[in-house]
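Just so you know, residue 1 is the first one in the sequence shown, and it goes up from there. Every number for a ligand or one of its atoms is a count from 1 in the order of the listing. What's counted below: heavy atoms across the whole structure, side chains too, no hydrogens, waters or symmetry copies.
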Amino acid sequence: MQDRNTFLSKKMSYALRHNPDKYGIELDEYGYTDLARFIKALNRMHRFDPPVTEAEIRKMMAQANKKRFEIKNGKICALYGHSVPGIIIRAEAKPPKFLYHGTARRFWPSIKENGLLPMGRQYVHLSADTAMAREVGLRRDNRPVILQVDAERAAKDGIKFYYASQEVWLCDQMPSKYLKVW
Ligand code: HQG
């Protein structure tokens with residue numbers, strides 16, 4: 001059985017990344033929605049007992065292994081992972097020298113051929129370090145491939161990078177000439 005924190009985090013991710021309509025909430029162009037209304041929607045949809053509160057959400061966020069959400073000025077957003085139509089605007093930033101991407105061995109031939117593509121999401125997701133990339137890859141393969149991205153060279157060549165969180169960077173796509181198996 002999933003614990004309550006995991007359940008809460010997954011439902012919040014689903015609502016804020018993929019299906020705000022189902023929760024009757026609207027995201028602004030940066031992915032933010034009114035926190036009080038969001039909490040009401042979560043409670044209405046999932047009948048949390050006792051009801052979820054802002055304090056519980058903040059506590060879950062503080063205890064999580066990754067920074068997935070942000071609360072600011074009475075609003076909340078998912079920092080990355082979106083698949084809603086349109087593009088959630090993320091701040092462009094200068095990336096570190098290297099970033100990483102963990103994936104399944106079976107995807108490597110296609111990635112080598114076509115580069116990293118956003119697939120079901122709005123952006124390609126890159127990890128700030130190899131430990132995080134490994135964790136991401138382990139979702140799909142017990143011996144994941146870790147790709148090292150030459151972010152510095154890609155940025156010099158005009159590829160845009162967007163900052164999502166300390167652990168996660170985004171880009172529109174990543175040609176394979178900037179990738180190598182780590
Ligand atoms: C692969 C989770 C074939 C790509 C994670 C990945 C992350 C290709 C999959 C965040 C390809 C897409 C995102 C190509 C990319 N051919 N396969 N050309 N280009 N792929 O889930 O990066 O825990 O959309 O390698 O930890 O795995 O939910 O992206 O395997 O940070 O907060 O297509 O989601 O965060 O899968 O994961 P995803 P991702 P949370």
Is any side-chain heavy atom of T33 less than 4.5 Å from a side-chain heavy atom of I76? yes
Show the atom names and distances, to 0.1 Å, of all donor-acceptor pairs under 3.5 Å that link a side chain in residues 57-65 to residues at least two apart or in another chain.
{"residue": "R58", "atom": "NE", "partner": "E54", "partner atom": "OE2", "Å": "2.9"}
{"residue": "R58", "atom": "NH2", "partner": "E54", "partner atom": "OE2", "Å": "3.0"}
{"residue": "Q63", "atom": "OE1", "partner": "N5", "partner atom": "ND2", "Å": "3.0"}
{"residue": "N65", "atom": "OD1", "partner": "R68", "partner atom": "NH1", "Å": "3.3"}
{"residue": "N65", "atom": "ND2", "partner": "E135", "partner atom": "OE2", "Å": "3.2"}

Just wondering, more than 12 heavy atoms not from R37 lying within 6.0 Å of its CZ? no
Distance-only donor-acceptor pairs under 3.5 Å for side chains of residues 106-113, two or more places apart:
{"residue": "R106", "atom": "NH1", "partner": "R140", "partner atom": "O", "Å": "3.3"}
{"residue": "S110", "atom": "OG", "partner": "N114", "partner atom": "ND2", "Å": "3.3"}

Under 4.5 Å between side-chain heavy atoms, chaining through other members, with only Ile, Leu, Val, Met, Phe, Trp and Tyr counted: pull out the rest of the cluster around Y32, sorted by chain and number. Y30, I89
Examine distances only and state if a side-chain atom of Q173 and a backbone atom of V124 form a donor-acceptor pair shorter than 3.5 Å. no
Name the residues with a heavy atom less than 4.0 Å from ligand 1? R17, K66, R68, Y80, H101, T103, F107, S110, I111, N114, G115, L116, L117, M119, R121, H125, V136, R139, R140
